Each structure stands twice: as C-alpha cells, then as structure tokens.
Amino acid sequence: MNNDQTPPVSNFIRNIVIRDLESGKHNKIVTRFPPEPNGHLHIGHAKSICLNFGLASEFGGTTNLRFDDTNPLKESEDFAQAIMSDVRWLGFEWNELRHASDYFQQLYDYAVHLIKNGKAYVDSQDAESMRASRGTLTEAGTNSPYRDRSIEESLELFEGMKNGEFADGEHVLRARIDMASGNMHMRDPAVYRIRKVAHHRTGDEWNIYPMYDWAHGISDAIEGITHSICTLEFEEHRPLYDWFLDNIPSPCHPQQIEFARGNLDFTVMSKRKLKELVEGGYVSGWDDPRMPTIAGLRRRGYTAQSIRTFWKEAGVSKAESIIPMGVLENAIRNDMNENAPRVMAVLDPVKVVLTNYPEGESELFEAPSHPQKPEMGSRSVPMSREIWIERGDFMEEPPRKFFRLRPGGEVRLRNAFIIKYTDIVKDSEGNIIEIHCEYDPESRSGLPGAARKVKGTIHWVSAEHGINAEIRLYDRLFSVANPLADKEKDYLEFLNPHSLDVITDAIVEPAVAKGSPGDFFQFERVGYFTIDQDSADSERPILNRTVSLRDSWAKLNR
RNA sequence: UGGGGGUUCGUCUAGUGGUAGGACUGCGGACUCUGACUCCGCCAGCGGGGGUUCGAAUCCCUCACCCCCAGCCA
C-alpha cells in the first residue's frame, strides 16, 4: 500500500518495531487487525487498520485480517463481509484471512491443558454469585466454593459442557489465578462459557465458546503475530494476556501494545451509539453520509487516501484525544483539490439575462477541468442568453469589499466573459426575479480583451442547458463538540437538527449529469460534491456535499 | 494507601540529559478568470512545586487533574 507521499511519522509503536528489528528479536513483523463481526467499521477502526497494515508494509512484514468471532450471539456473516469490503476499500489487502473460530479446537485443547495443570477449574456458581464473590474495586474477592474441585472433576465437567450436557449458565471454566488481585481481570477470569447457539461459521458444532481474553492472545500466538496492537482499555488485560500464554505450550509470545483511540469532535464513535442512531431512525442507515462509519464517509465522498492521510497526520500515542473534524475535512480538501474535476453549479439560482446576447443563440466554452493541471483535460460549457447565478453573488446594497455583482458593477463569468449590470426586475413583493446585464464580447476567455481585469469572478450555468439536480448539504451530526460530555443529558439531545439540508432546485452544468455514483467534482467557489448512489434510480442527479471550500469571505463577515 | 494508564503551542503530535520541532487552526501579506489552491511571514507549548546536574520536557520526589477496570461482551 502506498500511503507515502510524505515520510513516515515517528510514534512509540513504530519505535518498538524498529528496536525489535534492530535487536534481532524479530526479523519480520506480523500484525493483525482483529474486528468482531458485530457491526460496521468506523473512522476509529481505520486508525487501527492504518497502523497495523501501515507498520507491516513499511517494514516488510505482513498483516492478517482476523475476525474475533467468539460470541455468536452478536455476530454475523453480513457484518464480516461488510468489514472485508471496508478494509479493501481503505486500500489494504491482508496476508491471510483468519477467524478465532478457526482455532476453536486448539483453544479447547489448550483449556484442557490448563485444567490438567491445575490452572483452571469449572465453576458451577450462577452468574450472580460469581459477581458477588468477585469483590469490588477496593475489596478483594472471595474464592468460589468450586475452586478446589479436583482436576478430574473439572475435566469431566468441561467435556460435558462441550458435549452440550448442560444448559447455558450452568457452568463456566475459570482460570485459577488470584481472587485478591488488584487487577479485576486476574480474579479468576472466565475462559469458556456455555452458549447453545449456532455460530455463523461453525454452526452448532460447539456448545461452548471461548472468552475474548482466552481466544485473543492464543490466536495471536498461533498466527505468529509479533506485535498485537490494541486500544488503551485493554492495557489492564495485558497481564492476563501474558499469563495465558505463559501457562500453555504456546508457539510464541506476541507483545501486546496499547494506543489511544482516535476520537473526533461533533460525532460519536461507539458501536452501540452508532447502532442506536441507525435503529432509532436518526440517520438513514450505517452508510448515512453523516455517519463516521467507513461506509458513511465513503458515501459522503471521502476517499480512502484522505482517511489514510488523516490518520497519518494525527499520529499515534497513548494520550486520549479528540481531534477536530476540521482536520479530517482538511485531508479530503487536499485530496479533492488535487483530483476533483472542476465544474460549475448554482445551488441557489437567480436568473441573469444578457440583454445584448443574440436571442436563440448559444456557444460552447472549453473550460479546463483543473486550473493547475492541464493534463486533466477540459469540458465544454454551454452559454446562452439567460443564465443562472448564485443569489448570493448579487447584492443591491453590497458591503465593503464585496467583489461580486452589484448595481452598476462588472463581474467576470468564470470561463466566459465579463458582464456589466444594467437593471433588475422585481416582483410585487420586492423579490428579485431577474438581473439584466450586458456582456463584453471582447473579454471572452482566450481573446486579447480577456486580459482586462475585474475584481470578481462568479460561476454560472446556462438556463437553457443547465440540469436540475438535488443537492444534499451535510453538516455535523451533533451541534456540540462532545455530545457525551454532559452527564445530565442524553447525547441524542444534541443531534444537530440542520445536519441535512436538501436542495431540490439546484442547477448543474451538463458535464455533471454524465457522471455516475461515486464520481466527484469541485463545484467551483462552492465545495466538493459526489454523485450519490440514489442517483442510479432518479431522473435527476443527486449529489452529496462532501465538504465546502474554505471561504475566507464568509469568515470575514462573521 | 484497590489496580492500570495519561498530562508538550488552541488542537494533534515529535523529542529518552545538550538551541522544544512539525502539522492543523488562527492572524498578516503576495498571487489569482475559484474570496479556492499556492507562496511568504507571524502568534502560540513542556500541568504545579521541589530535587539531582555545568545543563532537565527527558532522571528522582511530591502534588493536582483526566481516563480505564467490578460481563458467563469484545
């Protein structure tokens, strides 16, 4: 994966890898991205993906995609498929596709090994008693009455659990560690639980399923993972990760390294909340363009490259952080500025009549697709006597420094010629219906007269040739930077009521209508837009605003 | 006196005993047939206190604040 227009950025995990390679601890690194197939990937997962795949690719190692599918209650093949397509879309290809469920037999055998060595026992307390005896954060737990059950009995019970002889919850296999440990995860953690449900891959072959802590480290070891990178909340699991590997005949002992998740402001990132937004109908789906999911960002018009660049620039550390949305926006603007073909579109149209333009005639202007990149080619833009311009580009009583059209003023029509105001027509309520102008034929782009400078240049679309389009203007999903900060109020109360504004009477130049879903453009002076999938069965094009252009004029007027 | 982490410009981050650097934002300017882009410049930081040292963001002590852990979830 080539993510490297710029040199790699140093971070503590990369430093560990460099050290391990230099010291000869490893001669090749192996990483993995281990999602549970119980939901869709979001921008936070992308950080982990970029980190794991990026590190391996930089140092000539490999990365596996491994589904952590140990809880059949929540997982599905559909989610797994969506995750694979998102990872690929992001631009990464895994070395091997693995599943924790591939290792169910080995995991079981290792558990038997643990029991035989007196390191695990079958506990027959109910869940409630187990919780009660675990103690609290400040008080030690107490040993289960079954803790000293004989190895033979545990072995027999465990096999019975596997064979489906017991109901869910009747028994659980626990590691025998230390009920008084300050680390709650070391207080005889559950290793296996009974779950008589079908697994999306192993069907009803198993009646018991391994817990995360048991499955994860061993899966890492089986795959020869060298650096098992995960997020901060697993820091306290590390002693357990190590304990498990130290107590089985493990092929190797991967190093778990934790980093801070990357949060964005004005959104939420937890799977649970994202799910709530979808199921509550607050958004149109997992791929709603306002969602921070990979699918949502993709539909919004974000490119994989922009997401990779974003995470590269954000860096990796152990400090919890909330990154301003503006940083992500900056990444897509940079990408689009390089690659988006330019077109003209009027979102809030008002008519301009060029009174000295011959009636019934039209002409084509050849306009470059990119002002700095002639190699991107050009398109033909039709001009006629009546055109649409942006309502905001004309003001009867303009403020200081208003460079656009005004009574008595001149302005250049982008890619065409200069026009001069002559008159306006209003309706009985005083609304502007038409603006009358005269054009200067000598100032056509390409002619010597084009050298004449006027301060403003505005975009336009021929009324005769323009195509009606639906434009979906997206804004941040929440109206406050951190919707979770207020402990009194639910985050849903902070949903931004204006996060979607649909414009149905926008006019775009013909070149836009030729595009297909996923194509993107810069609407000059407005922003970056992408053709939405809904366009496929719509008589008119539907476009999503990915992000607006920076607008220092608007900023000046705030 | 449960345990585990964290704190460097507004934001994100680099730095492991030798001039605190970069990116984003912000501000100012140049350029411009996009008030975009680009270019130039500027502002701005080591949580507090103490110690070791010729020299500390870095080592030691201490205080403060923030986050995580009591699933048969991951």
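Side chains included, hydrogens not; waters and symmetry mates left out as well; all remaining heavy atoms used. Everything numeric here is computed off the predicted structure, so don't read it as measured data.
- Between A/Glu36 and A/Lys74 there is no salt bridge, since none of the side-chain N atoms of the basic residue sits less than 4.0 Å from a carboxylate O of the acidic one.
- Both tests pass for A/Lys162 against the ring of A/Tyr108: distance under 6.0 Å to the centre and angle within 45° of the axis.
- Taking the side chain of A/Arg525 as heavy atoms from C-beta on, and the options B/C73, B/G71, B/G35, the nearest nucleotide is B/G35.
- If you check every strand for non-hydrogen atoms under 4.0 Å, A/Thr70 touches sugar and phosphate atoms only.
- Looking at heavy-atom distances under 4.0 Å, A/Val526 makes no contact with the nucleic acid at all.
- In this structure the side chain of A/Val122 never reaches within 4.5 angstrom of the side chain of A/Tyr146, judged on heavy atoms.
- Residue contacts for A/Ala319: at a heavy-atom cut-off of 4.0 Å it reaches the sugar-phosphate backbone alone, with no base atom in range.
- Contact annotation for A/His237: base contact, defined as any heavy-atom pair under 4.0 Å involving a base atom.
- In this structure, the CZ atom of A/Arg131 is 6 Å from the P atom of B/G71, given to the nearest Å.
- In this structure, B/G28 is classed as anti because its glycosidic torsion departs from zero by more than 90°.
- A/Tyr439 has its side chain within reach of A/Arg444: a pair of non-hydrogen atoms, C-beta onward, lies under 4.5 Å apart.
- Nucleic acid contact class of A/Phe234 (heavy atoms, under 4.0 Å, all strands): base.
- Looking at heavy atoms from C-beta onward, A/Tyr302 lies out of side-chain contact with A/Thr530 at the 4.5 angstrom threshold.
- Side-chain contact between A/Phe234 and A/Tyr212 is present, with at least one heavy-atom pair separated by less than 4.5 Å.
- No side-chain heavy atom of A/Arg550 sits less than 4.5 Å from a side-chain heavy atom of A/Lys555.
- Using a 4.0 Å heavy-atom criterion, one finds that A/Asn330 contacts the sugar-phosphate atoms exclusively.
- Between A/Arg379 and A/Asn415, the closest side-chain pair of non-hydrogen atoms falls below 4.5 Å.
- A salt bridge links A/Asp220 to A/Arg66: at least one charged side-chain nitrogen sits closer than 4.0 Å to a carboxylate oxygen.
- Ion pair A/Lys420/A/Asp440 not flagged as a salt bridge, since none of the NZ, NE, NH1 or NH2 atoms sits closer than 4.0 Å to an Asp/Glu carboxylate oxygen.
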Starting at the 5' end of RNA chain B, what dot-bracket string do you get if Watson-Crick and G-U pairs under 3.5 Å are bracketed, crossing pairs use [ ], other-strand pairs use | and unpaired bases use dots? .((((((..((((....[..)))).(((((.......)))))....(((((..]....))))))))))).....
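- The side chain of A/Asn71 has B/C73 as its nearest neighbour among B/C73, B/G35, B/C68.
- Contact of A/Gln522 with B/U34 (side chain to base): a donor-acceptor pair of N or O atoms is detected under 3.5 Å.
- Using a 4.0 Å cut-off on heavy atoms, the residues of residues 331-341 of chain A that approach RNA chain B are A/Asn337, listed by number.
- Side chain of A/Leu137, nearest nucleotide from B/C69, B/G4, B/U7: B/C69.
- Heavy atoms of A/Glu236 sit under 4.0 angstrom from at least one base atom.
- Rounded to a whole angstrom, the distance from the C1' atom of B/G15 to that of B/G51 is 23 Å.
- The side chain of A/Ala127 has B/C72 as its nearest neighbour among B/A70, B/C72, B/G35.
- Among the atoms of the strands shown, none is found under 4.0 Å from any heavy atom of A/Arg187.
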